[in-house]
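Structure first, commentary second.
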Amino acid sequence: MAFSNALVLCFLLAIINMALPSLATVYTVGDTSGWVIGGDYSTWASDKTFAVGDSLVFNYGAGAHTVDEVKESDYKSCTSGNSISTDSTGATTIPLKKAGKHYFICGVPGHCTGGMKLSIKVKASSGSSAAPSATPSSSGKGSPSSDDTPAATTTTTTPTKQNESSATSLSPIVALFFTVSWICSYVLV
């Protein structure tokens with residue numbers, strides 16, 4: 001009976017351990033206020049830790065605003081003419097695919113200077129692949145951001161024979177092995 005209880009506990013721990021590393025966070029920019037003029041997005045972002053695999057959701061009135069991912073210099077000057085990506089549909093989701101600084105502004109004249117700008121630092125996820133990925137999402141709203149590279153030189157790269165999820169699945173398998181070994185050593189001794 002003790003062995004079957006230990007086995008059930010082992011499987012429950014393994015399932016929890018496998019699920020946790022793969023969870024990504026979806027951040028709604030500005031929380032309930034959304035993407036609006038006068039928002040304090042520096043304060044909003046200050047207590048958050050963004051990682052590769054997370055997503056930003058910008059909620060705003062369709063056509064009233066835009067979400068433009070830009071280089072640092074364009075962020076500082078509120079210039080949207082060289083945007084890396086842009087969207088104005090009213091519900092923009094940006095998957096964070098690359099570690100580093102990412103800069104977003106509203107491209108409508110006067111809105112960026114009115115506070116509609118967001119700068120975040122994205123950390124590499126603990127299990128992310130070392131291979132670069134700059135592939136935009138199927139909706140064309142991807143985030144191939146680079147601080148110094150203009151949009152025209154952004155290229156699509158594909159990891160060679162390594163799925164990003166395979167890197168994150170190694171850790172739970174190893175943890176499962178050690179958990180089973182540990183429980184079995186106490187149950188069988």
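Note that the structure is predicted; figures quoted are calculated from it, not measured. We count residues from 1, following the sequence as given.
- Exactly one residue among Ser83, Ser88, Ser85 makes a side-chain hydrogen bond (donor to acceptor under 3.5 Å, both in side chains) with Asp68. That residue is Ser83.
- Between the side chains of Trp44 and Asp31, a donor-acceptor pair is found at a separation under 3.5 Å.
- Residues Leu118 and Ala45 approach most closely at CD1-CB, 3.9 Å, considering heavy atoms.
- A cation-pi arrangement is present between Lys117 and Tyr75 under the rule of less than 6.0 angstrom and at most 45 degrees off the ring axis.
- For the residue pair Thr66/Tyr60, the side-chain donor-acceptor check at 3.5 Å is not satisfied.
- A disulfide bridge does not connect Cys112 to Cys106: their SG atoms sit 2.5 Å or farther from one another.
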(request) Please test His111 against Ile105 for side chain to side chain contact (heavy atoms under 4.5 Å, CB included), starting from the C-alpha separation and ending with a verdict. (result) CA-CA 8 Å; His111 291 196; Ile105 65 172; over 6 Å; no
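- Put simply, Met116 and Tyr27 are part of the same group of oily side chains (I, L, V, M, F, W, Y) that touch within less than 4.5 Å, one to the next.
- Residues Thr79 and Asp74 have side chains that never bring a donor and an acceptor to within less than 3.5 angstrom of each other.
- You'll find the ring centres of Phe104 and Tyr41 outside the 6.0 Å limit.
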(request) Dump the intermediate steps for side chain to side chain contact (heavy atoms under 4.5 Å, CB included) on Val52 and Val122, then the final yes or no. (result) CA-CA 6 Å; Val52 170; Val122 178; 4.0 Å; yes
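- Between Ile120 and Leu56, the closest side-chain pair of non-hydrogen atoms falls below 4.5 Å.
- Taking a 6.0 Å sphere around NZ of Lys48, one finds it holds more than 12 heavy atoms contributed by other residues, nucleotides or ligands.
- Nearest heavy atom pair, residue Ala51 against residue Leu96, reads O-CB, 4.1 Å.
- Side-chain atoms of Lys71 and Tyr103, non-hydrogen and from C-beta on, never get closer than 4.5 Å to each other.
- Residues Gly53 and Ala24 share a closest heavy-atom pair of O-CB, 3.1 Å.
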(request) Could you walk me through whether Lys101 and Glu72 pass side chain to side chain contact (heavy atoms under 4.5 Å, CB included), step by step? (result) CA-CA 8 Å; Lys101 294 286 275 185; Glu72 181 179 15; over 6 Å; no
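- Looking at His65 and Ile37, their side chains come closer than 4.5 Å, going by heavy atoms from C-beta outward.
- Shown here for Ala99 and Ala124, the closest heavy-atom pair between the two residues is CB-N, 3.7 Å.
- A chain of hydrophobic side-chain contacts below 4.5 Å, direct or via other Ile, Leu, Val, Met, Phe, Trp or Tyr residues, connects Phe50 to Trp35.
- No continuous path of hydrophobic side-chain contacts links Ile94 to Val57 [ILVMFWY only; heavy atoms under 4.5 Å].
- At a threshold of 4.5 Å between non-hydrogen side-chain atoms, the residues Val70 and Asn82 do not count as touching.
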(request) Please lay out, stage by stage, how Thr86 and Val67 fare under the test side chain to side chain contact (heavy atoms under 4.5 Å, CB included). (result) CA-CA 6 Å; Thr86 188; Val67 177; over 6 Å; no
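- Judged purely by atom type and a 3.5 angstrom limit, Asp54 has no side-chain atom pairing as donor or acceptor with the backbone of Val26.
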